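One structure is given below, encoded as structure tokens.
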Amino acid sequence: FRESGIYDFFIVVSNAWCGHLVENNTGSGYRPIMFANSAVSWSDLESSQGSFELGDLREALTTATTDGLAVHLLIETIDSDGFSLPPDLIDTDVQYGLQNGMHFDDPVILTRFAALLDRVLPELDGYRVFAISVGNEPDNRLDDIAPGSPEGLAWVDENARFLGAARTKI
């Protein structure tokens, strides 16, 4: 999970398969590797609190590995048009809205995501997962916020704390 590389393409919208070359200067000795971008939404993995369904994840990993590809896995938590969290955490009436005035770095969300990772990470054994992402285009939210505003700075801080907690767990 610790290798890094330069992606020639990095857009994941759904469970789409894209083969790409990675010039990986930390582990492959600059040899290109073929990999698949695979995305699965947190809301699909945990449809209700503590109820995990990992079949789509297993299927995506199996398909990529069978095809001989390494995997870049995106666990969608936030995407360009809003959150991809379990339904009990989001306020569907507001884009980027969360229940009960929570923020993205709320302890409830961090604890729930850590529990999800506790279930997902062991599933990755035996597959060629070389990178995990936990968000896609979180900066799109800033398009509607004045640059440098307290709201914008708070959004950046919330994302940084969420991503920091996820990175520590992974």
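Along the sequence shown, residues are numbered consecutively beginning with 1. Here the structure is a predicted model, which means the values were calculated and not measured.
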- Message: Count I, L, V, M, F, W, Y as connected when their side-chain heavy atoms are under 4.5 Å apart, and connections chain through other members. Are Leu153 and Leu163 then in the same cluster?
- Response: no
- Message: Side-chain heavy atoms nearer than 4.5 Å, only ILVMFWY residues, links allowed to pass through others: does that put Ile170 and Phe104 together?
- Response: yes
Got a second to check how far [X]'s [atom1] is from [Y]'s [atom2], nearest 0.5 Å?
| X | Y | atom1 | atom2 | answer |
| --- | --- | --- | --- | --- |
| Thr111 | Leu116 | OG1 | CG | 12.5 Å |
| Ser84 | Ile75 | OG | CD1 | 12.0 Å |
| Leu110 | His103 | CG | NE2 | 12.5 Å |

- Shortest non-hydrogen contact between Ala36 and Ala64, atoms and distance: CB-CB, 4.0 Å
- Looking only at non-hydrogen atoms, find the nearest pair between Leu117 and Pro122 and report the distance. O-CD, 4.0 Å
- Query: So, does Asp67 use its side chain to make a donor-acceptor pair with the main chain of Leu69 at under 3.5 Å?
  - Reply: no
Kindly indicate whether the side chain of [X], heavy atoms from C-beta on, has any atom under 4.5 Å from the side chain of [Y].
| X | Y | value |
| --- | --- | --- |
| Trp42 | Ile109 | yes |
| Ile78 | Asn159 | yes |
| Leu98 | Leu85 | yes |
| Leu45 | Glu53 | no |
| Leu73 | Leu57 | yes |
| Phe52 | Val120 | no |
| Val108 | Asn100 | no |
| Leu74 | Ser133 | yes |

- Mind telling me whether Phe130 and His72 have parallel, tilted or perpendicular rings, with 30° and 60° as the class edges? tilted
- Which salt bridge (charged side-chain N to carboxylate O under 4.0 Å, His left out) pairs, counting each pair once, include a residue from residues 99-121, with sequence neighbours left out? Glu46-Arg112, Asp88-Arg112, Asp105-Arg161, Asp118-Lys169
Please list, chain by chain and in numerical order, all residues satisfying side chain to side chain donor-acceptor pair (under 3.5 Å) with [X], sequence neighbours excluded.
| X | answer |
| --- | --- |
| Gln49 | none |
| Gln99 | none |
| Ser43 | Ser41 |

- Item | For Glu123, salt bridge (Lys or Arg N to Asp or Glu O under 4.0 Å) partners two or more places apart | Arg58
Apply side chain to side chain contact (heavy atoms under 4.5 Å, CB included) to [X] and list each qualifying residue two or more places apart in sequence or on a separate chain.
| X | value |
| --- | --- |
| Thr66 | Thr62 |
| Ala166 | Phe113, Val134 |
| Ser149 | Ile145, Ala146, Glu151 |

